[in-house]
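The next block holds one structure in the form of structure tokens; read it before the comments.
Reminder, nothing fancy here: chain letters follow the sequence lines and each chain counts from 1. We use all heavy atoms of the structure for the numbers below, so side chains are in, but hydrogens, waters and symmetry mates are not.
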Amino acid sequence: MLNRLTDSLNFQATALTLRSERQRLIASNIANADTPGYVAREFDFSQALSQATGQRTSGTSALAPSTVRPSSSHAGHLGLDGRPAGNNAEPSLSYATNAQTNLDNNTVDMNRERASFVDNTVRYEATLRFINGTVRTLNTAITGQ
Amino acid sequence: MSMFKIFNVAGSAVSAQSQRLNVVASNLANADTVAGPDRQAYKARQVVFSTTPMGDVGTAGVNVSQVTEDQTPGRRQFDPKHPQADAEGYVTYSNVNAVEEMVNMISASRSYQNNIEVMNTAKSLLSKTLQMGQGN
């Protein structure tokens, strides 16, 4: 019963974590807008979200090949895919290409990054509102008023 | 909470950009100088940015890896009465190009503003996150 109440909350929490990851990623891109040779990073939010929530719901079938992950005893260890091991919420990053080429090989597209940043900010706040709404609904249900 | 790293990232960029502004300021100030502290004509300086990883994958800050000196020869002007004139009567001025420096300054100031904006947004998002579930 309580599971059903908190399931949507879990989903929103995962979405919020991924939104904050993306926010940080875009902040890194904006910070490196003038660094020669920097390659902008980006990740597909919807894919990362379905991956993160899919792993969570099917987490009980630990013997499925796709959920077997190498163990790590140190924060710097890399997984089989070259990403830091033991972090399921870590989305797989891809490289962004520039709309206009630069002589210094920097691929940060400032217009796109700023648009993504604002977009991500609004969606982060929307997720926060969803969470607040769920909490308010739960509170109303608990107090019965 | 991964968003706290934004302050490190944007902070490193702000400090790198302010160092760039500093260098532009000293270049502009020395645009017309004849001799620097080493008795040579002042050479325009440029900062070189490089990426520094900050822990997680995809979290990258900026630092100034080196400050280079522009080695192009300075502007020479014939002025035998000038105290710094050489044997042939020429005075060597600094090689600062004021137009380039102004463009550099505008670019640095815009990047600075961008990063401050990023920090402000992250701050307001974090403070809203802190108030999560307080029934507003």
Look up atom [atom1] in [X] and atom [atom2] in [Y], then write down how far apart they are to the nearest 0.5 Å.
X	Y	atom1	atom2	answer
Arg24(A)	Thr59(B)	CZ	OG1	3.0 Å
Tyr124(A)	Leu126(B)	OH	CG	6.0 Å
Gln134(B)	Arg136(A)	CD	CZ	12.5 Å
Leu25(A)	Lys5(B)	CG	NZ	13.0 Å

Practice problem: Considering only heavy atoms and a distance below 4.5 Å, find which of Met110(A), Glu113(A), Arg114(A) pairs most often with chain B. | Solution: Arg114(A)
Would [X] end up clustered with [Y] when hydrophobic side chains under 4.5 Å apart are linked, directly or stepwise?
X	Y	value
Tyr112(B)	Val64(B)	no
Ile26(A)	Phe7(B)	yes
Val118(A)	Phe43(A)	no
Val108(A)	Val47(B)	no
Phe130(A)	Leu18(A)	no

Quiz item: At their closest point, which heavy atom of Leu125(B) faces which heavy atom of Gln23(A), and how far apart are they?
Solution: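 In terms of heavy atoms, the two residues are closest at CD1-NE2, 3.5 Å.
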Exercise. For chain A, find which of Ser107(B), Ala60(B), Gly61(B), Ala13(B) contributes the most heavy-atom pairs closer than 4.5 angstrom.
Key: Ala60(B)
Quiz item: With respect to chain A, which residue among Thr51(B), Asn8(B), Asn115(B) yields the maximal number of heavy-atom pairs within a distance under 4.5 Å?
Solution: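 Among the listed options, the one with the most contacts to chain A is Thr51(B).
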Self-check item: Heavy-atom proximity to chain B below 4.5 Å, by part of Arg19(A)
Solution: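 For Arg19(A), neither part sits under 4.5 Å from chain B.
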Quiz item: At a heavy-atom separation under 4.5 Å, does Leu128(A) approach chain B through its side chain, its backbone, both, or neither?
Solution: side chain
Self-check item: Proximity of residues 28-42 of chain A to chain B, residues having a non-hydrogen atom under 4.5 angstrom
Solution: Ser28(A), Ile30(A), Ala31(A), Asn32(A), Asp34(A), Thr35(A), Pro36(A), Tyr38(A), Arg41(A)
Exercise. Would you mind listing every salt bridge (Lys or Arg N to Asp or Glu O under 4.0 Å) that reaches into residues 105-125 of chain B, with sequence neighbours excluded?
Key: none
Quiz item: Judged by atom type as modelled, is there a donor-acceptor pair below 3.5 Å linking the side chain of Asn132(A) to the main-chain atoms of Gly133(B)?
Solution: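 Yes: the side chain of Asn132(A) pairs with the backbone of Gly133(B).
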Quiz item: Residues in ring-ring contact (aromatic ring centres under 6.0 Å, His included) with Tyr95(A), at least two apart?
Solution: none
Self-check item: Leu16(A) and Met132(B), any side-chain heavy atoms less than 4.5 Å apart
Solution: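 In short, these two side chains touch, coming nearer than 4.5 Å.
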Practice problem: Select all residues of residues 83-100 of chain B having any heavy atom within less than 4.5 Å of some heavy atom of chain A, and report them by number, or 'none'. | Solution: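 When heavy atoms of chain A are the reference, residues 83-100 of chain B contributes no residue within the under-4.5 Å range.
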